[in-house]
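The chains referred to below are lettered A, B, ... by the order of the sequence lines, with proteins before strands, and numbering in each begins at 1.
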2 protein chains.
Amino acid sequence: MIPDALTQSQFDTVYNLLSLVIAAQLFTALFLVLALQRVLPRYRQAIIIAAVVCGIAAYHYFRIFDSFKEAFVTDAVGGRGLYTQADGASFNEGYRYVDWLLTVPLLLVELIAVLALARKIQTALLWKLVPAATLMILLGYPGEVSSTDGTRILWGVLSTIPFLYILYVLFVELTKSLDRQPERVRVLISRLRLLLLASWIVYPLAYALPLLGISGADAWVLKQGGYSIADIAAKALYALIIYRIAKLKSYADDPAFAAIEDHHDHASAGEQASQRKQRTERG
Amino acid sequence: MIPDALTQSQFDTVYNLLSLVIAAQLFTALFLVLALQRVLPRYRQAIIIAAVVCGIAAYHYFRIFDSFKEAFVTDAVGGRGLYTQADGASFNEGYRYVDWLLTVPLLLVELIAVLALARKIQTALLWKLVPAATLMILLGYPGEVSSTDGTRILWGVLSTIPFLYILYVLFVELTKSLDRQPERVRVLISRLRLLLLASWIVYPLAYALPLLGISGADAWVLKQGGYSIADIAAKALYALIIYRIAKLKSYADDPAFAAIEDHHDHASAGEQASQRKQRTERG
């Protein structure tokens, strides 16, 4: 799977992409920590989990980045050269599975937590989504590390079953519970599910590359790029949408909080309303 | 592009400048985090983004600094010598583009967020500025990594189109929305735009150096110095002006907050006013 050699521009592309993912995850986590007080306490669990997920991803990308730098060496004197696999070092793709094992169930917990559904519905959804997500990652791993097509297909198919079940729960079961959410929140949740689908679909595609006979350095670089962009979308961008939902719901729940926090025209309107309310109470 | 050798003083200059940028960005970020509570909640989004931008820049300068240290080695025993390019290491200029891809759109978001414009105007401005900024950076990259003049000119010209569009939006469209801002804030925003223009103009100049036939170690050191100073001005100094605007606007919005936060004469005046107000309410 791992190519024997990379050109300078292939090496630089992977190198810069891995560094981009570190920066995106690390500073999304920092942003979420700093912005935590800007949503009502009832939505902070979702933001905390989102920050932890981005932090875990940043940690694993530091590892992946170091593993990549150690795996390829160049003999070229100065400037632009050819990178070959270093003796005794190999690029550790397993970090990705360890990362997903921790973060993928948490991504689903984030989504359910920010909705603030009735406790019974929330518990029921989590008991479906979390085990399915864990199973999906665990079943993918034996196929990923295998070098025979049969094994890869078998575990790939097994892993797809919980994946489809998760999609069913998110797009069918969850929809039934959204009727009490504000209209703008429902729109955001629809976008969030599509982002999740679009980014998660990259992983089985990358998994299938060797089965399709697509290999070589270019395919490998494409795969690393696909994983990198998908991880930014599925964790950092996803977290920012979760934050947006938490803010909208906070403002909808508590106009006085919106008046303090928000700076837009409707905030001034909220402020006026709250001032009017205070005046009425005093009078 | 990268010189084969640097003298001790050239090496030291770049080394110290890169370290200066790390210190400036890291501690501006820290300052902003510590000072976050000193502006009203409605302006904290801008300060949080400013802190994140400086943090991202600090991260990339750590990387650039390490890349620079690895790229040049000296044979001199102790003290002052000649630095030559290390075998198998190359100075990675790509970090700068990864940094800009994340930070340049966010710098424009900071500016718009701190103005607290009506939501419709804000959304319209962001939908123009953020895609233009992203496009500007993406279009510059293929030219930067190319070694042929024609390719460099082509992508340089393409990248200049969104740059000019951003200037149009900032200097023409934005001006129309500033009539409700306090006078002192308008002055600061004018300065901020000039700082942005003055610092951003350094990047196309550095990009054009190879086209002008300016090369060699001195030109390379000058370019690194230009990037370093421009990055401090465009991110750290810029963030401090954003913070100043957020404070002025907080005080203008809420005299009671100004009385608690500010220690200058006009704060005492605010304090007196708020005391007068309290007396009136009591009486």
Side-chain angles (χ1 to χ4, degrees), chain A residues 8-9 11-38 58 62 65 69 72-84 86 228 232 236 243 247 257-271 279 282, chain B residues 1-5 29 32-33 36-37 40-49 51-57 59-60 63 67 71-72 84-99 101-103 106 113-123 141 145 147 249 253 281:
Chain A
Q8 180 78 42
S9 75
F11 181 87
D12 285 349
T13 303
V14 174
Y15 191 93
N16 291 334
L17 275 170
L18 294 177
S19 180
L20 172 68
V21 182
I22 292 176
Q25 306 287 7
L26 193 61
F27 290 96
T28 303
L30 179 67
F31 171 84
L32 295 169
V33 169
L34 293 174
L36 187 60
Q37 310 299 323
R38 306 203 62 220
F62 272 112
F65 188 77
K69 278 203 300 183
F72 291 94
V73 287
T74 176
D75 292 330
V77 177
R80 314 182 75 72
L82 187 77
Y83 286 76
T84 53
S228 299
I232 291 175
Y243 173 67
K247 272 222 296 196
F257 181 75
I260 294 168
E261 282 289 323
D262 203 359
H263 52 248
H264 301 292
D265 276 357
H266 74 89
S268 319
E271 209 161 29
R279 274 195 298 273
R282 266 194 233 110
Chain B
M1 271 306 293
I2 298 160
D4 293 327
L32 295 169
V33 169
L36 188 59
Q37 311 300 323
L40 288 181
R42 70 191 63 160
Y43 301 113
R44 288 184 194 157
Q45 184 80 349
I47 307 302
I48 291 171
I49 296 172
V52 165
V53 165
C54 291
I56 293 174
Y59 164 77
H60 285 109
R63 291 271 186 220
S67 178
F72 291 94
T84 53
Q85 279 202 35
D87 290 350
S90 87
F91 182 61
N92 185 344
E93 202 83 276
Y95 283 132
R96 296 195 183 280
Y97 277 81
V98 177
D99 178 69
L101 188 63
L102 293 168
T103 57
L106 288 176
V114 84
L115 296 178
L117 304 168
R119 183 177 293 279
K120 259 191 159 172
I121 300 174
Q122 168 165 329
T123 308
Y141 185 70
V145 296
S147 49
K249 282 174 72 76
D253 289 1
E281 279 168 0

Quiz item: Which of parallel (below 30°), tilted (30 to 60°) and perpendicular (above 60°) describes A:Phe31 and A:Tyr243?
Solution: perpendicular

Exercise. Would you mind checking which part of A:Phe65 comes under 4.5 Å of any heavy atom in chain B, side chain (CB onward), backbone (N, CA, C, O), both or neither?
Key: side chain

Quiz item: Out of curiosity, A:Phe27 CZ to A:Leu34 CG, how far, rounded to the nearest 0.5 Å?
Solution: 11.0 Å

Self-check item: Residue, of A:Ile22, A:Leu17, A:Thr28, that accumulates the most heavy atom pairs under 4.5 Å with chain B
Solution: A:Ile22

Exercise. Kindly assign one of parallel, tilted or perpendicular to the pair B:Tyr95 and A:Tyr15, based on the angle between their ring planes and the thresholds 30° and 60°.
Key: tilted

Practice problem: Heavy-atom distances under 4.5 Å only: say whether B:Leu40 touches chain A with side chain, backbone, both or neither. | Solution: neither

Exercise. Starting at CZ of B:Arg42, measure out to CD of A:Glu261 and round the result to the nearest 0.5 Å.
Key: 9.5 Å

Quiz item: Highest number of heavy-atom pairs under 4.5 Å with chain A: which of B:Val52, B:Asp99, B:Val53, B:Ile56?
Solution: B:Ile56

